[in-house]
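Chain letters run A, B, ... following the sequence lines, proteins first, then strands; residues in each count from 1.
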Number of protein chains: 2
Amino acid sequence: MQVSLQALKAFESAARLGSFKLAAEELSLTPTAISHHISNLEGRLSVSLFHRHGRRIALTGTGARLAKATSEGFRKIDNALDEVMRAGTAVRVSTTSSLAAMALIPAQHEFEQANPGISLEISTGESVDSQSYILPVRYGDAARVEPSDIIRHESFNVFGAPGMAAPGSWNEGITLFTTQWKNTALPEPPLTAWLEENRLQGAKLNCVPFDQELFGIQQAMAGRGLVFCSTTLAKRLVDAKLLQSCDTREVASSLCYYVPNKNSFETRGAVRFLEWVDALLNG
Amino acid sequence: MQVSLQALKAFESAARLGSFKLAAEELSLTPTAISHHISNLEGRLSVSLFHRHGRRIALTGTGARLAKATSEGFRKIDNALDEVMRAGTAVRVSTTSSLAAMALIPAQHEFEQANPGISLEISTGESVDSQSYILPVRYGDAARVEPSDIIRHESFNVFGAPGMAAPGSWNEGITLFTTQWKNTALPEPPLTAWLEENRLQGAKLNCVPFDQELFGIQQAMAGRGLVFCSTTLAKRLVDAKLLQSCDTREVASSLCYYVPNKNSFETRGAVRFLEWVDALLNG
DNA sequence: ACTTGCAGATGAGCTAAACTCATCTAAAGT
DNA sequence: ACTTTAGATGAGTTTAGCTCATCTGCAAGT
């Protein structure tokens with residue numbers, strides 16, 4: 001190889017900082033090493049890169065041109081490296097508020113315990129969703145999604161706080177929190193199917209819709225009524241006895257959680273996360 | 001330092017060529033070295049960069065992203081390095097056809113003899129002129145040029161082939177080749193001043209203009225007449241006895257050869273060339 | 001099915017590149 | 001004039017990076 005990349009790195013740093021001493025600090029080397037590198041470089045290129053006026057140095061014209069190119073080149077490489085490095089030691093997941101709040105965030109610590117060295121970042125919101133290196137967990141119509149991308153087919157049931165859970169009769173004018181998505185492309189929660197399945201078509205229900213399942217669940221936990229929601233979201237709360245189902249039978253829906261291009265996520269962290277989330281939701 | 005730049009270089013090459021073997025050839029290393037570098041890199045980044053299917057390798061998604069950035073980064077650096085390296089070992093000069101053909105090119109070999117390790121490239125033409133790392137030697141009006149940029153104030157005289165050189169009388173209807181620049185911004189060659197200086201205002205001259213001094217000089221050398229041209233261009237031919245002056249007195253002109261921003265050329269080659277060309281034209 | 005050849009992985013050992021230390025020089029501040 | 005600071009220089013030391021030898025697994029030829 002003609003010129004040493006380390007020498008170039010030293011030069012780039014010295015050129016940018018205008019001092020061998022500072023470059024040495026930046027690269028955790030001695031000023032001597034920088035000096036050697038640069039004179040080596042100047043020798044190989046038979047060009048002088050710095051003017052030396054005693055202890056003061058200044059780039060020559062050629063030096064300045066080279067510095068510009070090396071700085072840009074190394075910056076490009078360093079940025080990519082940073083991204084990749086984060087991809088190796090962290091998984092960045094974006095998902096719906098409800099799944100994040102009810103399932104993923106409460107279990108986040110368990111993931112990190114089970115996978116030391118991989119940190120899990122969970123975020124919600126549109127803006128985060130489609131940037132590169134982010135693993136999006138979306139909620140959608142199973143019929144419109146690549147089957148191999150699906151991580152959980154959703155079922156629904158009615159849940160309530162322990163005291164509320166088993167109403168003597170479904171005709172007492174019970175408040176039932178339901179969900180009405182803002183996004184009209186999403187299939188409706190299968191409330192009529194559930195009423196049929198449980199032979200409660202005639203029940204006297206006071207339905208109160210929210211635009212996110214999360215809110216209805218919180219209302220139910222607080223004892224303000226029952227909630228018709230997905231079993232996935234309720235699971236953890238049921239296990240913790242903060243919520244219980246009403247001896248009713250759950251019904252399947254056409255909703256599912258999925259990860260677009262699931263199989264294209266091949267980093268260690270992403271693979272572990274996908275295994276873990278599968279166990280969490282389906283296990 | 002976190003990751004080794006040589007490892008990145010190895011990775012970049014392997015990614016681009018799709019083979020450790022070919023990368024090894026490109027970098028003059030053994031395939032083993034490439035393999036070590038890449039597994040080192042994968043270890044440090046805790047990411048796999050290549051899929052291995054037996055003896056076949058393919059980039060992972062992460063690998064492809066990193067490869068794109070490293071390729072671009074290193075390409076930028078390598079290009080700059082190439083340019084600088086040429087700047088150190090070669091001077092690239094552009095100038096007028098006349099100066100190139102009559103003065104610089106004939107003496108090119110002498111420069112390279114006197115400066116081993118520096119090669120001199122001489123080119124003419126508009127397109128070459130203002131690209132970076134090119135040292136342009138231009139012909140122009142001394143009054144409009146930064147004095148420190150001037151390398152030669154031009155004088156003019158009349159020359160002819162040895163047989164032709166001393167006409168018995170200036171009234172024999174002599175053919176005189178002159179120059180009429182295409183570029184009207186250039187001062188005219190000082191023919192009237194020369195005629196006055198030599199008291200030949202009344203001479204019977206058959207003036208034939210060309211748009212470059214070169215052509216008139218060639219005509220004169222071929223014995224077709226005399227030429228009114230700059231002493232710089234004639235000098236070498238006079239020394240070689242291919243041309244001689246007519247016992248007339250030369251006159252100064254406002255024309256000069258100059259190098260824009262002459263003092264900003266600080267490469268070894270450029271400095272040597274400027275010293276040399278000064279000696280060549282003025283010495 | 002067996003052989004041969006090829007591409008890459010792995011581990012040990014060696015070499016040269018890269019780093020540091022000690023010493024020196026020149027300029028700038030005190 | 002004295003001290004301090006930034007860098008140059010040369011010799012000595014460390015370690016990153018290379019090669020060699022060996023091993024594995026696939027694919028193509030016989």
Output every pair passing salt bridge (charged side-chain N to carboxylate O under 4.0 Å, His left out) with a member in [range], not counting sequence neighbours, ordered by first then second residue.
range: residues 14-27 of chain B; value: B:E12-B:R16, B:R16-B:E26, B:K21-B:E25
range: residues 94-103 of chain B; value: none
range: residues 269-283 of chain A; value: none

Tell me the interatomic distance from [X], atom [atom1], to [N], atom [atom2], rounded to whole angstroms.
X: A:K9; N: C:dA18; atom1: NZ; atom2: C1'; answer: 17 Å
X: B:L27; N: D:dT19; atom1: CG; atom2: P; answer: 11 Å
X: A:L59; N: D:dG7; atom1: CG; atom2: C1'; answer: 15 Å
X: A:F50; N: D:dA6; atom1: CZ; atom2: C1'; answer: 13 Å
X: A:Q2; N: C:dA17; atom1: CD; atom2: P; answer: 13 Å
X: A:I38; N: D:dA6; atom1: CD1; atom2: P; answer: 15 Å
X: B:H37; N: C:dG8; atom1: NE2; atom2: P; answer: 15 Å
X: B:N40; N: D:dC18; atom1: CG; atom2: P; answer: 11 Å

Salt bridge (Lys or Arg N to Asp or Glu O under 4.0 Å) against [X], all qualifying residues, sequence neighbours excluded:
X: B:E146; result: none
X: B:R52; result: B:E42
X: B:K262; result: none

Heavy atom of residues 10-18 of chain B under 4.0 Å from DNA chain D: which residues? none
Would [X] and [Y] pass as an ion pair if we require N to O under 4.0 Å?
X: A:K9; Y: A:D78; value: yes
X: B:R86; Y: B:D82; value: no
X: B:K68; Y: B:E72; value: yes

For the helix from C:dA1-D:dT30 to C:dT30-D:dA1, what angle lies between the axis at the first five pairs and the axis at the last five pairs, to 10 degrees?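 Its terminal axes enclose an angle near 30°.
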Within less than 4.0 Å of OP1 or OP2 of [N], is there a side-chain N or O belonging to [X]?
X: A:S4; N: C:dA18; value: yes
X: A:S35; N: D:dG7; value: no
X: A:Q6; N: C:dC19; value: yes

At under 4.0 Å between heavy atoms, how does the protein contact nucleotides 20-30 of chain C? Give one character per nucleotide, 5' to 3', with B, S or -. BBB----BS--
Within the structure shown, what part of the strands sits under 4.0 Å from B:S39 by heavy-atom distance: base, sugar-phosphate, or nothing? nothing
Looking across every strand, which nucleic acid part, if any, lies under 4.0 Å from A:I34 by heavy atom: base, sugar-phosphate, or nothing? nothing
Apply side chain to side chain donor-acceptor pair (under 3.5 Å) to A:E110 and list each qualifying residue two or more places apart in sequence or on a separate chain.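 Checked A:E110 against side chain to side chain donor-acceptor pair (under 3.5 Å); matches are A:R236.
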Partner set under side chain to side chain donor-acceptor pair (under 3.5 Å) for A:H109, not counting sequence neighbours: A:Q113
Just distance, no hydrogens or angles: give the donor-acceptor pairs under 3.5 Å from side chains in residues 31-38 of chain B, sequence neighbours left out.
none

